[in-house]
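Step one of this worksheet: look at the structure below.
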Amino acid sequence: MNQSRLAAAILIGLGTLALIYGKFSYVKDSHEAKLGPIELTVQDRQTVNLPVWLGVGAIVAGSVLLFAGGKKNG
């Protein structure tokens with residue numbers, strides 16, 4: 001599998017995941033406090049919403065790359 005087909009497969013896969021899930025979350029440490037032997041950490045959960053056009057665009061770009069790369073390599 002050459003690099004253009006691999007990149008196309010990754011784009012199509014990521015686009016499909018973006019359409020299926022629509023968002024992802026991650027945890028970010030925002031504050032830390034050390035009071036002697038006690039350590040306190042506050043974690044904030046951040047959610048990123050992925051727009052539908054991003055998933056569709058990734059699938060289209062991957063498909064174009066797959067078919068254009070296939071014609072060049074012949």
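Nothing here was measured: the structure is a model prediction, and the numbers come from that model.
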Q. Looking at CZ of Arg5 and CG of Leu65, how far apart are the two atoms once the value is rounded to the nearest 0.5 Å?
A.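 If I round to the nearest 0.5 Å, the distance is 10.5 Å.
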CD of Glu32 to CD of Glu39, rounded to nearest 0.5 Å, is 7.5 Å
With sequence neighbours excluded, what pairs up with Ile10 under the side chain to side chain contact (heavy atoms under 4.5 Å, CB included) test?
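In terms of side chain to side chain contact (heavy atoms under 4.5 Å, CB included), with neighbours along the sequence ignored, Ile10 is linked to Leu6, Leu14.
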*Examine the side chains of Asp29 and Thr41 and answer whether a donor and an acceptor come within less than 3.5 Å of each other.*
no
List the atom pairs, donor and acceptor, that lie under 3.5 Å between side-chain atoms in residues 16-24 and the rest of the protein, sequence neighbours left out.
unit_1, atom_1, unit_2, atom_2, d
Thr16, OG1, Ile12, O, 2.8

Counting only pairs under 3.5 Å, give me each side-chain donor-acceptor contact of residues 45-61, with atom names and distances, residues two or more places apart or in other chains.
unit_1, atom_1, unit_2, atom_2, d
Thr47, OG1, Ser25, OG, 3.2

